[in-house]
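The structure appears below as C-alpha cells.
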There are 2 protein chains.
Amino acid sequence: MSHQRDRASTRNAQTGPSGLDLPDLPEATVARLPEYLRALHGLAETGLDVVSSEELAGAAGVNSAKLRKDLSYLRSSGTRGVGYDVASLIAKIEYVLGLSQHRTVALVGVGNLGHALAGYAGFESRGFHIAALFDADPRRVGERIGGLRVHHVDELPLVVAQERISIAVIATPAQAAQSVADALVACGVTSILNFAPKVLNVPDNVDVRKVDLAIELQILSFHEHRKASLTALPSTLGGVLGQEAYGS
Amino acid sequence: MSHQRDRASTRNAQTGPSGLDLPDLPEATVARLPEYLRALHGLAETGLDVVSSEELAGAAGVNSAKLRKDLSYLRSSGTRGVGYDVASLIAKIEYVLGLSQHRTVALVGVGNLGHALAGYAGFESRGFHIAALFDADPRRVGERIGGLRVHHVDELPLVVAQERISIAVIATPAQAAQSVADALVACGVTSILNFAPKVLNVPDNVDVRKVDLAIELQILSFHEHRKASLTALPSTLGGVLGQEAYGS
DNA sequence: CACGATTTGTGCATGCCTTCACAAATGCCT
DNA sequence: AGGCATTTGTGAAGGCATGCACAAATCGTG
Ligand SMILES: NC(=O)c1ccc[n+]([C@@H]2O[C@H](COP(=O)([O-])OP(=O)(O)OC[C@H]3O[C@@H](n4cnc5c(N)ncnc54)[C@H](O)[C@@H]3O)[C@@H](O)[C@H]2O)c1
Ligand SMILES: NC(=O)c1ccc[n+]([C@@H]2O[C@H](COP(=O)([O-])OP(=O)(O)OC[C@H]3O[C@@H](n4cnc5c(N)ncnc54)[C@H](O)[C@@H]3O)[C@@H](O)[C@H]2O)c1
C-alpha cells in the first residue's frame, strides 16, 4: 500500500460481514471516480438530473466506454435508453469514496504552501474538513489561519485523537517529512498526502500519495523537448504531425 | 496528448533527422525519470559517485528491475558488477527530460496558491525558471513577488514571446481556467500545468497535466473507507488482513 | 401493444506495464 | 591468469487497463 498502486483490486465483491458492501474496484477506476464526481456536481448545478455516459465522459475527459465500465463496478444504476440519474450517482460515488460524511484532515507545516492550503475553500466543498494545523516553528504556533489555531507539532497525538483525524497532509521541508510521517503513523494516521519531495517510508497499512510539482513540470519538459526535436524536422512532415484539429 | 497518457511510446528510437537522438520511452518510464533524478541528486550530495540499481530503486521507491528497464531505454551506461555512475546518469536523465538548460515558466493567477508557487525556491533547483507572473485583477498587477512584477493577463502574448516561454502554470479559479488556457495556446504555449479543478480543452499538440488536491484526498478517503470496513470485521480475519509487517 | 430509437452493460481482443529469473559482463582477489 | 562475487540488461510470462462493438434493456410513440 505504501506505493501508489499495489494490487489492482481492493476487496472481494461479496457483502462483507461488516455489512458495508464495498465493491471490488480496480485502482485505475478509483482514481477516476473523483473526476466523475466533480463533473457530476458541475452538471447538477446546471439543473440537469439525468446524464448519458457520453455527456458525462465528455465533461470528465475520458472515453465513454471506460466511464460505463467504471460505473458498472458500483452496481451501477444507469437506465438503458436513458442514462444515469445525477443525484443518485453522486450519492453512490460519494458513498464509495467514503465521503458520505466529511473527513477531518490535519495539515502539518504551515509555511508558504501550507498557508495556501489552509485557506483553501475547495476542500470543504469536496468532502473534507481541515480540523487542525501544526508547525514546529514556535513563531508560527498560536497563529490563527482561517479560524484555526496553529498547534505545536508535539500536540499531534492529543489533537489527532480528539478530532478523530485519519488523513494528514505534509507540507514541511523534505528533510522533516520522514519524521513527521513517523509521528503521524504513531498517532494512528493511516493516509498521508505528501508535498515534500521525499519518498516516505511507512508501514504497509498506511497509504501515501505524493504531489510533486517539479516532477509534473519535468514530465511536461520531456514532451516539450520531444516536440522541439520534431518541429526541427525538414518542414512538411513536422508540420503535418505537429498540427492537428481540436477536440478530444 | 491533451489527456494524461495517450500513446505509450513517444518516438522511434532511430536518430531523427534533427540529430537529437531521443530514445523511444514508454510514458510510464517518463513519469518515473524525474523521481530517479531527485533520488540521484540526493545521493550525489552524500558524496556517492556510483550507485547500484538496488540502492537507487530503494531511494526512489520502486522495484529495481523496473528501474533497470527504465534506464535501459536511455541507452543505459551502467557497468555490470559495479552500478551506475551518478554524475553521468544525472546528466543523461536531465538531457532526456530537456533540462539541460533551464526552462522558463509562466504562472497565471497569483492568488493564494499562486503566491506560494511564485515564492517557491524548489523550481529553480530542479530545472525551471519562473520568468513571468500574470493576473487579471488590477489590484494585483504591478505587485512584486520574489523579484518579479505581476503583469496583466493581456500582456501574455508580448511577454511569452519575449521570454520564450513554453510552459505555463494555471492557478486561477476554475471558471477562468479555460479562457486562460485558450489565451496561452494562442500565444504558442504547448505545455500547461493546471491547478484549477476543470478539464481543459486544448489542441492535440498541447500537453496538459493537472494537479487536483481534492482528488488526491478523495482517493485516500476511499482507502480509508475500505480499511475501516475491514477492521470492522469479526476480529481474527480483519486483524490478519489489516495488519502486516513493514518494508516495501 | 408493437416497434424503433436510444443508451447501458460487458465479452473480447489488444497492448502496456510489471516482475521474475537468468545469462552476460565486469572487477577484484589470490 | 583464472575464478568468484557482483550487478547489469533483457527475454518471457502474467496481470491490468483500454476501447471496440454489440446484445439486452428501456422509453416514447403511434
Ligand atoms: N511552496 C510551494 O509552492 C511548493 C511547491 C512544491 C513543493 N513544495 C514543497 O512543500 C513543502 C513546503 O514548502 P513551503 O514552501 O511551504 O516551505 P516553507 O519553508 O515555507 O514551510 C515549511 C513549514 O514547515 C515547518 N516545519 C519544519 N519542520 C517541521 C516539523 N518537523 N514539523 C512541523 N512543521 C515543520 C516550518 O516551520 C515551516 O513553517 C516543501 O517540502 C516544498 O518542497 C512547496
Ligand atoms: N489554494 C489552494 O491551496 C488550492 C488548492 C487546490 C486547488 N486550488 C485551485 O487553484 C486555483 C487557485 O486557487 P487560489 O486559492 O489561489 O484562488 P485565488 O482566488 O486566491 O486566486 C486566483 C487568482 O486568479 C486571478 N484570476 C482570476 N481570473 C483570472 C484570469 N482570467 N486571468 C488571470 N488571473 C485570473 C485572481 O485575480 C486571483 O488572484 C483554483 O482553481 C483552486 O481551485 C487551490
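Any value given below was found using the heavy atoms of this structure, including those in side chains, with hydrogens, waters and symmetry copies removed. First the proteins, then the strands, lettered A, B, ... as listed; each starts at 1.
- Nucleotide D:dT10 holds its P atom 12 Å from the CG atom of B:Leu74, rounded to whole Å.
- If you measure from atom NZ of B:Lys66 to atom P of C:dC16, you get 17 Å, rounded to the nearest angstrom.
- Put simply, B:Tyr84 has a side-chain N or O that comes within less than 4.0 Å of OP1 or OP2 on D:dG9.
- Under 4.0 angstrom from either OP1 or OP2 of D:dA17 there lies no side-chain N or O belonging to A:Asn63.
- Comment: A:Glu54 does not engage A:Arg68 in a salt bridge, judged by the lack of any side-chain N to carboxylate O separation of less than 4.0 angstrom.
- Mapping A:Arg80 and A:Asp70 onto DNA chain D by nearest heavy atom places A:Asp70 closer to the 5' end of the strand.
- Put simply, CZ on A:Arg68 is 14 Å from P on C:dG11, counting in whole angstrom units.
- Looking at every heavy atom in both residues, B:Arg126 comes nearest to B:Leu99 through O-CD1, 4.2 Å.
- Listed pair B:Arg32 / C:dT18 meets the phosphate criterion, a side-chain N or O lying under 4.0 Å from OP1 or OP2.
- Residue A:Ser53 places at least one side-chain N or O under 4.0 Å from the OP1 or OP2 atom of C:dT8.
- Ranked by how close their nearest DNA chain D nucleotide is to the 5' end, A:Val82 and A:Tyr73 are led by A:Tyr73.
- A close approach under 4.0 Å does not occur between any side-chain nitrogen or oxygen of B:Lys69 and OP1 or OP2 of D:dT10.
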